[in-house]
Amino acid sequence: MKMRLNGVVTGIVSLVLLVAVVALAKETKDIPFKLKNAAPVIFSHDIHLKKYNNNCRICHIALFDLKKPKRFTMLDMEKGKSCGACHTGMKAFSVADDSQCVRCHKGTARPVTYRMKGAGEAVFSHEVHVPMLEGKCRTCHSNRDITGGRNVTMAQMEKGKSCGACHNDKMAFTVAGNCGKCHKGMTPPKVVNFKMKGVADAAFSHEFHLGMYKCNECHTKLFAYKAGAKRFTMADMDKGKSCGACHNGKDAFSSAGDCGKCHPGLKPAKLTYKTSVGEAYFDHEIHLSMFKCADCHTKVFKYRKGSAPATMADMEKGKSCGVCHNGKDAFSVADDCVKCHNM
């Protein structure tokens with residue numbers, strides 16, 4: 001009985017040792033680190049375990065926590081993290097040595113494709129840039145402004161981020177314009193419709209404006225290259241913002257002018273104001289037969305609902321309707337109330 005028990009114990013110990021050996025064999029295989037735009041980097045356990053006398057603890061878990069795997073950039077490694085803890089140029093070749101990149105990165109880096117809605121694909125070619133930089137990969141990969149961010153906007157590039165670090169019109173052609181150089185097959189943008197409640201849509205034609213201007217004259221100085229950018233009021237435009245930068249009455253017709261030029265099919269509605277003495281009416285059709293939109297908007301009235309209401313006392317002091325209804329240019333607001341109020 002005792003001999004049988006010893007045999008069972010021996011078998012269990014053997015099984016445990018076998019599992020440990022299999023686990024060790026599994027753990028010490030070559031580890032491929034897959035990269036999206038290049039061949040994987042292969043880490044060899046055999047090479048490193050021989051160098052450190054099979055002492056796994058040198059790396060685990062001080063550098064690599066198997067329970068919490070993490071990706072490191074080349075910039076991280078140059079600061080002593082991950083492989084950079086040993087690969088400093090003293091214990092082992094340096095991760096900050098451009099000439100040593102090929103020791104870990106085999107093969108040729110592939111083109112990087114950036115897909116953008118409505119703007120075509122932008123393709124970054126390693127094949128073109130690497131020879132121009134004389135193989136100095138770290139020029140980009142050790143610069144957080146270039147490779148350290150995601151979803152960088154064109155406005156950010158114009159400030160030196162990402163491609164804009166070099167494409168600044170000094171080192172290389174500027175990112176502010178020349179859209180077709182990076183966005184291959186880019187077709188002229190379509191008409192952009194700005195929808196506004198209570199007013200006909202404003203239509204902006206890229207085709208028409210590109211016949212006179214270049215992309216960089218508007219983007220990104222006036223408009224961001226994206227949908228959902230900041231909305232501007234007509235009052236903002238009158239102050240030179242948005243379309244008003246050019247539509248100022250000098251470079252192009254004023255934004256404070258004929259509304260129908262941008263809002264085709266515009267038919268201003270009859271406005272009703274509810275007051276304590278009955279409803280007051282404003283008829284655009286009657287007033288437009290005598291005045292232009294710019295005579296009132298936005299000097300007197302903003303182009304939107306919810307503006308601050310004016311009292312009759314305010315009007316008698318020359319505000320709101322009282323600007324014209326002063327007894328000289330038109331009947332006075334201090335005259336017969338029923339002319340405006342349906343009492």
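Not measured: the values here are computed from a predicted model.
Ring centroid separation for the pair F208 and H206 does not come in under the 6.0 Å cut-off.
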side-chain contact (heavy atoms from CB on, under 4.5 Å) between H263 and D201: does it pass, once the steps are laid out? CA-CA 6 Å; H263 299 269; D201 293 353; over 6 Å; no
Run the numbers on F33 and C83 for side-chain contact (heavy atoms from CB on, under 4.5 Å), then give the verdict. CA-CA 12 Å; F33 293 92; C83 305; over 6 Å; no
Does S94 form a side-chain contact (heavy atoms from CB on, under 4.5 Å) with Q100? I'd like the steps, not just the answer. CA-CA 7 Å; S94 174; Q100 302 297 318; over 6 Å; no
Does C140 form a side-chain contact (heavy atoms from CB on, under 4.5 Å) with L133? I'd like the steps, not just the answer. CA-CA 10 Å; C140 296; L133 296 172; 4.3 Å; yes
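Heavy-atom minimum distance, L49 versus C56: CD2-SG, 4.2 Å. Across L63 and A85, no two heavy atoms sit closer than the pair CD2-CB, 3.5 Å. Minimum heavy-atom separation, D97 to R138: N-CD, 4.2 Å. Between K34 and P40 the shortest heavy-atom distance is CA-CB, 4.1 Å. The minimum heavy-atom distance linking D30 with P32 is given by the pair O-CD, 3.5 Å. Here the closest non-hydrogen pair linking H297 and A256 is O-CB, 4.2 Å.
The shortest side-chain heavy-atom distance between I31 and H45 falls under the 4.5 Å cut-off. At least one side-chain heavy atom of L35 sits under 4.5 Å from a side-chain heavy atom of V41. Side-chain atoms of S142 and T147, non-hydrogen and from C-beta on, never get closer than 4.5 Å to each other. Put simply, the side chain of L75 reaches to within 4.5 Å of the side chain of R144, judged on heavy atoms. In this structure the side chain of H48 reaches within 4.5 angstrom of the side chain of F43, judged on heavy atoms. The side-chain heavy atoms of S82 and D76, taken from C-beta on, include no pair separated by under 4.5 Å. Looking at heavy atoms from C-beta onward, L288 lies in side-chain contact with P268 at the 4.5 angstrom threshold. With a 4.5 Å cut-off on side-chain heavy atoms, H325 and S332 do not count as touching.
For the atom pair SG (C259) and NZ (K292), the distance works out to 12.0 Å, reported to the nearest 0.5 Å. Note that CE of M157 is 11.0 Å distant from OG1 of T220, once rounded to the nearest 0.5 Å. Between the CD atom in E158 and the CG atom in N216 there is a gap of 8.0 Å [rounded to 0.5 Å]. To the nearest 0.5 Å, atoms NE2 (H141) and NE2 (H105) are separated by 8.0 Å. We find the CE-CG distance between M290 and D329 to be 11.0 Å, quoted to the nearest 0.5 Å. To the nearest 0.5 Å, the span separating CG on N143 from SG on C166 amounts to 8.0 Å.
Using a 4.5 Å cut-off between side-chain heavy atoms of Ile, Leu, Val, Met, Phe, Trp and Tyr, with links allowed through other members, F232 and F223 fall into different hydrophobic clusters. With hydrophobic clusters built from ILVMFWY side chains whose heavy atoms lie under 4.5 angstrom apart, V323 shares a cluster with F301. Under the 4.5 Å side-chain heavy-atom criterion for ILVMFWY residues, no single connected hydrophobic cluster contains both F253 and M237.
Side-chain polar atoms of T113 and E121 form no donor-acceptor pair below 3.5 angstrom. With hydrogens and angles left out, the side-chain atoms of T311 and D314 include a donor and acceptor closer than 3.5 Å. Side-chain polar atoms of D46 and S44 form no donor-acceptor pair below 3.5 angstrom. Defined by atom type and a distance below 3.5 Å, a donor-acceptor pair is missing between the side-chain atoms of E279 and T272.
A donor-acceptor pair is defined here as one N or O able to donate and one able to accept, closer than 3.5 Å; no such pair exists between the side chain of N53 and the backbone of N55. A donor-acceptor contact shorter than 3.5 Å links the side chain of D98 to the backbone of C137. A donor-acceptor contact shorter than 3.5 Å links the side chain of Q156 to the backbone of T153.
Residue I61 qualifies as open at atom CD1: its count of foreign heavy atoms under 6.0 Å is 12 or below. Around atom CE of M171, no more than 12 heavy atoms belonging to other residues, nucleotides or ligands sit under 6.0 Å away. For CZ of F331, the number of neighbouring non-hydrogen atoms (other residues, nucleotides, ligands) closer than 6.0 Å is greater than 12.
Taking the six-membered ring where tryptophan is involved, the planes of H209 and H247 are perpendicular, since the angle between them exceeds 60° and thus also 30°.
Using a cut-off of 4.0 Å between Lys/Arg side-chain N and Asp/Glu carboxylate O, E127 and R110 are scored as not salt-bridged. At a threshold of 4.0 Å, the pair K161-D145 counts as salt-bridged, since one of the basic side-chain nitrogens sits closer than that to a carboxylate oxygen.
Residues satisfying the ring pair (Phe, Tyr, Trp, His ring centres under 6.0 Å) test with F124, not counting sequence neighbours, are H126, H129.
A cation-pi arrangement is absent between K270 and F282, since the terminal nitrogen or guanidinium carbon is not both under 6.0 Å from the aromatic centre and inside a 45° cone about the axis.
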